[in-house]
Amino acid sequence: MRPRTSHHTDAASPLEARRLSLRALPRRFYARDTELVARDLIGRVLECTRRGVRVRGVITETEAYLGEHDPACHAAVGRTARTAGLYGPPGTAYVYFIYGMYWCVNAVTRAEGLPSAVLIRGVQPLEGLPAMRRRRPHARADADLANGPGKLCLAFGIDGPAHHGADLVRGAGLRILAGAPVSDAAVTVTPRIGISKAKDWPLRWVMG
DNA sequence: TCAACGATTTTCT
DNA sequence: GAAAATCGTTGAG
């Protein structure tokens, strides 16, 4: 006799037991203060489909980058070819290349012309684990497949040429689904990681 | 034209 | 815990 939840999943975490909405988050979700969006993105589902391969995971770690007056935000240098994406419409992807070898993905927030975004720093793998393992041969455990901004872009197949400027709301490739919100008790706030400017600002949110 | 550095990850000591 | 790998962006010359 098969279990009642009979559809097969390769998910390997307690998160699979949560009831997750697979509706894409609407544009208005992103058109708010960046801190609110960063906090509210915890528990949501990042999805990337490339060449018929779909990968999903629950967002567990985010950081807010507030705009031209945030010294750690790329937009602190103003509008350049590199930072132009931060000035784009809310709900689009800002993907940048770092340290000569990694990509990082952000969700653009607030309104077009206001350069702010949420860096997605960690994801709990949910679906498409075989593809993630193939793309992350060095990962020792499944929990390590996407628990970092560079790692998750590798595991999800996210890169600048394919995804910079992508529409997270209505796109076909890279999207963020409603998933399930997380209570305040399950979220911790800390300073942002790996930056030298404005290092004490409490703009990082972590599940757990 | 060039040097320094960065929203990182991995490996080595 | 330290250091290497590796390159686009930025700002100074």
Side-chain angles (χ1 to χ4, degrees), chain A residues 30 33-42 44 46 48 55 57 59-88 90-110 114-125 129 131-166 168 174 176 187-207:
Chain A
Y30 302 96
D33 284 349
T34 309
E35 299 96 316
L36 291 176
V37 179
R39 160 64 183 84
D40 204 1
L41 237 21
I42 300 295
R44 311 305 186 152
L46 181 68
C48 187
V55 164
I59 297 171
T60 59
E61 181 179 347
T62 60
E63 283 179 359
Y65 287 87
L66 303 184
E68 293 178 347
H69 300 292
D70 173 359
C73 183
H74 289 172
V77 300
R79 187 174 199 142
T80 66
R82 182 202 195 196
T83 65
L86 285 170
Y87 294 75
T92 58
Y94 172 69
V95 183
Y96 68 90
F97 192 57
I98 191 68
Y99 293 115
M101 54 185 107
Y102 297 108
W103 295 98
C104 293
V105 62
N106 296 248
V108 174
T109 59
R110 297 198 294 172
L114 300 179
S116 50
V118 174
L119 171 67
I120 301 176
R121 287 190 57 92
V123 165
Q124 171 78 45
L129 272 77
M132 294 194 211
R133 295 186 189 113
R134 197 182 326 124
R135 293 161 172 165
R136 293 265 304 124
H138 294 298
R140 298 304 217 123
D142 288 345
D144 299 328
L145 287 169
N147 61 341
K151 296 178 190 178
L152 75 89
C153 282
L154 284 170
F156 276 62
I158 298 169
D159 61 47
H163 301 293
H164 185 54
L168 301 172
L174 187 59
I176 300 180
V187 178
T188 305
V189 185
T190 81
R192 293 174 292 185
I193 299 294
I195 56 173
S196 55
K197 302 161 196 160
K199 57 164 57 174
D200 294 331
W201 297 13
L203 294 175
R204 172 174 174 256
W205 287 262
V206 189
M207 192 188 288

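A, B, ... follow the sequence lines: proteins, then strands. Residue 1 opens every chain.
Proximity of a side-chain donor or acceptor of A:Thr62 to a complementary backbone N or O of A:Ala38 within less than 3.5 Å is detected. A donor-acceptor pair under 3.5 Å is formed between the side chain of A:Arg136 and the backbone N or O of A:Asp144. Counting only distance, with no hydrogens or angles, the side chain of A:Asp33 and the backbone of A:Leu36 share no donor-acceptor pair below 3.5 Å. Within the 3.5 Å criterion, the main-chain N or O of A:Val108 finds no donor-acceptor partner in the side chain of A:Thr92. Listed for the A:Arg110 side chain is a donor-acceptor partner under 3.5 Å among the backbone atoms of A:Leu66. Between the side chain of A:Tyr87 and the backbone N or O of A:Arg79 there is at least one donor-acceptor pair closer than 3.5 Å.
Residue-level contact check: A:Arg136 touches the backbone only, with heavy atoms under 4.0 Å from sugar-phosphate atoms and none from bases.
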Checklist entry - Starting at the 5' end of DNA chain B, what dot-bracket string do you get if Watson-Crick and G-U pairs under 3.5 Å are bracketed, crossing pairs use [ ], other-strand pairs use | and unpaired bases use dots? => result ||||||.|||||.
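Distance check: A:Leu86 CG to A:Tyr65 OH gives 11.5 Å after rounding to the nearest 0.5 Å.
Here the range on DNA chain B touched by chain A, meaning any atom under 4.0 Å from one of its heavy atoms, is B:dG6 to B:dT11.
For the P atoms, the distance linking C:dG1 with B:dA7 amounts to 23 Å, nearest Å.
DNA chain B is contacted by both A:Leu154 and A:Ile195; A:Ile195 maps to the nucleotide lying nearer its 5′ end (nearest heavy atom per residue). Remark on DNA chain B: of its neighbouring residues A:Asp144 and A:Asn106, the 5'-side contact belongs to A:Asn106, judged by nearest-heavy-atom nucleotide.
Checking each of A:Val118, A:Leu41, A:Leu152, A:Asp40 against A:Ile59 for a side chain to side chain contact (heavy atoms under 4.5 Å, CB included) leaves exactly one that passes, namely A:Leu41.
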Next on the checklist: For nucleotides 5-13 of chain C, give me one character per nucleotide, 5' to 3': B if any protein heavy atom sits under 4.0 Å from the base, S if the only such contacts are to the sugar-phosphate, - if neither.
Outcome noted: BBBSSSS--
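Using a cut-off of 4.0 Å between Lys/Arg side-chain N and Asp/Glu carboxylate O, A:Arg192 and A:Glu63 are scored as not salt-bridged.
Annotation for A:Met132 and A:Phe156: closest pair CE-CE1, 4.0 Å, computed over non-hydrogen atoms.
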